[in-house]
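Below: one structure, written as structure tokens.
Numbered from 1 within each chain, the chains take letters A, B, ... in sequence-line order.
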2 protein chains.
Amino acid sequence: MSTISKENYLKTIFNNSIDSGSNATATKLANDLSVSTAAITDMAKKLSEEGLVTYEKYRGMELTSSGEKAALKIIRRHRLWELFLKEVLEMSWSEVHDEAEKLEHHTSEFLIDKIDMYLNYPDFDPHGHPIPRKNGTIPKTPNVMPLSQGEKGMFCEFVRVNDKDSELIDYLAKVGFILNSKFEVVDKLAFDKSLSIKFNNKILSLSKKITESIFIRLVKN
Amino acid sequence: MSTISKENYLKTIFNNSIDSGSNATATKLANDLSVSTAAITDMAKKLSEEGLVTYEKYRGMELTSSGEKAALKIIRRHRLWELFLKEVLEMSWSEVHDEAEKLEHHTSEFLIDKIDMYLNYPDFDPHGHPIPRKNGTIPKTPNVMPLSQGEKGMFCEFVRVNDKDSELIDYLAKVGFILNSKFEVVDKLAFDKSLSIKFNNKILSLSKKITESIFIRLVKN
DNA sequence: GAATAAAGTTAAGCTTGCTTAAATAAAAAA
DNA sequence: TTTTTTATTTAAGCAAGCTTAACTTTATTC
Ligand SMILES: [Mn+2]
Ligand SMILES: [Mn+2]
Ligand SMILES: [Mn+2]
Ligand SMILES: [Mn+2]
């Protein structure tokens, strides 16, 4: 049976495999979900009994195709809610994530499809993440890379930001560096790997920690 | 601490006291909440320890003022969600209740106030129930009475319907008998207490069970 | 005012999703 | 390869919110 907790596990396992490529480890999941590793082991057994993940002791977990399908359903709800709250109810970029984190578990298929239709079947959420479609496909993302890999002289577009930390997003909004901003990398310090970028004729210096949470694509020019 | 279960208990206790006047009995609550009476006794102790209800063994429960405040918060969320889902997302009269039943427990004060503003601070939900305001007051309801108390010759307006059973609401929508319909009671059978009403030049016969779920006010003419 | 029926409470136990502490396996270092 | 460190699992236990079954109180009927 599906529960809030299980839905969160599936979602986290999915996101983990997206950006690590390999199996989700207990330590990483425990950290992301703010529970003990013992809790992870516990849940691994349950999810694997339900055929949602494959699990071998000491070898981590991986979503099965049915587990992935379930994960995408939750992620779809999450991202559609985020966009809806921002576009329709004018909540800010930084507020929508926490609210969506709750609503995603209490939304019928019928309702989420209404929201999807209302928004005219959007492809991306307010942070630039692709919104899984009803049929399970995922909109193609541009050729993204973390800004931390940017080099002096590059012309880029800001296409995605990590939405887990609202303080960062608030800061970026405050200085006017928002999604789809075009900018140039004007400097990169070897000392601390911080970057200086130029947009709207402003210069902004961003620490390595920040540039790792911002994703960009190269603008061809 | 507030939990989904406690919120549902408080709401149910409140609604019970509204239409029974007296204390909420274990049997009634158990029935409304679909749990055993043992569960009610259990929760009675917890809620009374938290100061949300007064409880004396074998004497039922009653909301304290802080319990009532908490109940109104949930009811406010429920009814605002119902109206929002109907007006904005075009869900039907009969579908919104079940959806709101879930969303009401996962909506921040900030979000519900946004919804309230979006709807321009409405006074009534789609079923004619008053929406508690942010400050805790409740919109005045017209002088309502159950249609079952109607008599031949009365001219009435349909102002409220019990939203717990979606089949009834669907039926009423299908025959076009919707909120704010004006009608005349053209007959009342002593045999089964059923009523015949006339609206839009149609005659509709309603059983006693149905007329007890429909609330009206007398139209002065 | 007994006897009976109905309502409410207590006791014991279950499931979910956690925890901490101890044990064990795997990986890294020496 | 042996030792040490790190990661994972197991074991025991807790809180919430239920259940059923047995028991007690209150209400109703004669
Ligand atoms: Mn998010
Ligand atoms: Mn979540
Ligand atoms: Mn309702
Ligand atoms: Mn509810």
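Contact annotation: A:Y9 side-chain N/O to C:dC18 OP1/OP2 distance is under 4.0 Å. An OP1 or OP2 oxygen of D:dT9 is reached within less than 4.0 angstrom by a side-chain nitrogen or oxygen of A:Y55. For the OP1/OP2 pair of D:dT6 and a distance below 4.0 Å, the side-chain nitrogens and oxygens of A:T27 include no atom meeting the criterion. Phosphate contact (OP1/OP2 of D:dA16, side-chain N/O of B:S5, threshold under 4.0 Å): absent. Residue B:K57 has a polar side-chain atom (N or O) positioned under 4.0 Å from OP1 or OP2 of C:dT10. Here A:S36 does not reach the OP1 or OP2 of C:dC18: none of its side-chain N or O atoms lies under 4.0 Å away. OP1 or OP2 of C:dT10 sits under 4.0 Å from a side-chain N or O of B:K45.
Side-chain contact, A:S2 with A:E7: a donor N or O sits under 3.5 Å from an acceptor N or O.
Salt-bridge formation is not detected for the pair A:D192/A:K209: no Lys NZ or Arg NE/NH1/NH2 atom is positioned less than 4.0 Å from an Asp or Glu carboxylate oxygen. Salt bridge A:E212/A:K193: absent, no basic N to carboxylate O contact under 4.0 Å.
You'll find that the side chain of B:M43 is closest to D:dC18, out of C:dT20, D:dA27, D:dC18. Comparing D:dT8, C:dT19, D:dT20 against the side chain of A:T37 picks out D:dT8 as the nearest. When distances are taken from the side chain of A:K46 to each of C:dT16, C:dT9, D:dC18, the shortest belongs to C:dT16.
More than 12 heavy atoms of other residues, nucleotides or ligands shown are found within 6.0 angstrom of CD on B:E87.
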